[in-house]
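Encoded as structure tokens, here's the structure I'll be asking about.
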Amino acid sequence: MEDVKHAHPNYIAVFIALAVLTGLELFVAFLPWSQMTRILILIGLALWKALMVALYYMHLRFEPQRLRWLAAAPLPLAVILVFIVTREFRW
Amino acid sequence: MAHAGALHDEDVMLPPPGREPGAGVYNEKLGMWVFLGSEVMFFTALIGTYIILRVAHPTAWKAPGVVLAVPITAINTFLLICSSVTMVKAFASVQDGNLSGLRKWLIATVLIGSTFVGVQVYEYRHLIEKGFVPSEGLYGSTFYTMTGFHGFHVTIGVICLIFVTWRAFQGRYSAKDYRGVEVIGLYWHFVDLVWIILFTIVYLI
């Protein structure tokens, strides 16, 4: 079985970070700030959390470069898809 | 070899070499990553549709916490994060050859994942009793479509985890072969990752 051997990351520290960021999201969601400010902060926090899960829990940080490219391949397509559909309602 | 060289010189297609570098991982893991790539596009289609509908019809949505119960969903989000750490601890255990740890953490993951599904069912019942049904305009249809498909993925994940746990009790995994644990772990963390995005855009924005 081919595999990449590496020391275990500190999974509990990642878990604590995810929990703290979730708490921060709940705090920001109900702040009396402008909606655009809240949306940008909340999406930024969500992407940060998602990245931590991918890098540490899914071990992308420790995988071969080729697999990392494979995992990242759909992301530009996802961005293009979302960008195009958000243009739709303005036509 | 002189014969092979002669073929090459004549520009005839040669058979592939015996061993190609590939992605550097075993096939099951590669297959799961390709599948997860298709899942990214699936959920992107749902999220993209949600964004266009929401931007085009902003009055169809209520402010966070008005219709949807944010506190109970926040607890559910925390549960899914907990299940991710128990899953990765199961993986670490089997890598270290700690098979009792593997079984313990897998059971914890199954239990927490099942609780997530149970809380989602409770949430749906509560919302439907309040009159927030899938036919309740764009808000209802997009909410139930996105969270429903995610809940379906979690349910499939729990079923697969039960199967992997059963195999773990049969002694099918070891420090030398833990493919099944790692592959279901990738799926499970992906489901957690998708929920992180959905929780933000469906419940908090």
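Since we're looking at a predicted model, the values are computed, not measured. First the proteins, then the strands, lettered A, B, ... as listed; each starts at 1.
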Crowded around Y122(B) OH? As in, over 12 foreign heavy atoms under 6.0 Å?
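Incorrect, the count does not exceed 12.
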So which residue, L42(A), L18(A), V14(A), V82(A), ends up with the most heavy-atom pairs under 4.5 Å with chain B?
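Winner by heavy-atom pair count: L42(A).
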At a heavy-atom separation under 4.5 Å, does A54(A) approach chain B through its side chain, its backbone, both, or neither?
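Both backbone and side chain of A54(A) come within 4.5 Å of chain B.
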Output the option from L21(A), I12(A), I39(A) having the highest count of non-hydrogen pairs under 4.5 Å with chain B.
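With the most close heavy-atom pairs to chain B, the winner is I39(A).
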Quick one, H8(A) and V88(B) - any side-chain contact, counting heavy atoms below 4.5 Å?
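Result no, sub-4.5 Å side-chain heavy-atom pair not found.
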Shortest non-hydrogen separation from T44(B) to A78(A) and the atoms involved:
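Taking every non-hydrogen atom into account, OG1-CB, 3.3 Å.
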Which bit of L77(A) comes within less than 4.5 Å of chain B, counting heavy atoms only: side chain, backbone, both or neither?
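For L77(A), heavy atoms of backbone and side chain both lie under 4.5 Å from chain B.
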Heavy-atom pair of closest approach, residues G37(B) and P74(A):
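Of all heavy-atom pairs spanning G37(B) and P74(A), the closest is CA-CG, 3.6 Å.
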Is there a side-chain contact between I197(B) and L47(A), using heavy atoms and a 4.5 Å cut-off?
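The answer is yes, as the side chains (C-beta and beyond) meet within the 4.5 Å cut-off.
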Contacting moiety of L70(A), where chain B heavy atoms sit under 4.5 Å:
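Just its side chain gets close to chain B.
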Please identify, among R38(A), H59(A), Q65(A), the residue contributing the most non-hydrogen atom pairs under 4.5 Å to chain B.
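Ranked by heavy-atom pairs under 4.5 Å with chain B, first place is H59(A).
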By a 4.5 Å heavy-atom criterion (distance strictly below it), what part of I16(A) contacts chain B: side chain, backbone, both, or neither?
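When you check distances to chain B, no heavy atom of I16(A) falls under 4.5 Å.
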Would you please go through residues 69-84 of chain B and name the residues with a non-hydrogen atom below 4.5 Å from one of chain A, in numerical order?
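So the qualifying residues are V70(B), A74(B), T77(B), F78(B), I81(B), C82(B), S84(B).
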Minimum heavy-atom separation for M58(A) and L186(B), please, with both atom names.
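Reported closest heavy-atom pair: CE-O, 3.4 Å.
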Using heavy-atom distances under 4.5 Å, tell me whether L204(B) contacts chain A through its side chain, its backbone, both, or neither.
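Both the backbone and the side chain of L204(B) come within 4.5 Å of chain A.
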Interchain contact, A73(A) with chain B, by part (heavy-atom threshold 4.5 Å):
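Neither part, no heavy atoms under 4.5 Å.
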Looking at every non-hydrogen atom in both residues, tell me the closest pair between T200(B) and I43(A) and how far apart they are.
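Nearest heavy atoms, T200(B) then I43(A): CG2-N, 4.3 Å.
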Evaluate whether atom CD of Q35(A) has more than 12 neighbouring non-hydrogen atoms of other residues, nucleotides or ligands under 6.0 angstrom away.
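Count not over threshold, so no.
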Note, Y203(B) side chain near E25(A) side chain (heavy atom, < 4.5 Å)
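Side-chain contact under 4.5 Å: no.
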Flag the one option from L51(A), L67(A), L75(A) with the top tally of heavy-atom pairs under 4.5 Å to chain B.
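Most heavy-atom pairs within the cutoff with chain B belong to L67(A).
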Among Y57(A), Y11(A), F30(A), Y56(A), single out the residue with the greatest number of heavy-atom pairs under 4.5 Å to chain B.
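Ranked by contacts with chain B, first place is Y57(A).
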Donor-acceptor pairs under 3.5 angstrom involving side-chain atoms of residues 52-63 of chain B: please list them, not counting sequence neighbours.
unit_1: R54(B); atom_1: NH1; unit_2: Y50(B); atom_2: OH; d: 2.8
unit_1: R54(B); atom_1: NH1; unit_2: I205(B); atom_2: O; d: 2.7
unit_1: R54(B); atom_1: NH2; unit_2: I205(B); atom_2: O; d: 2.7

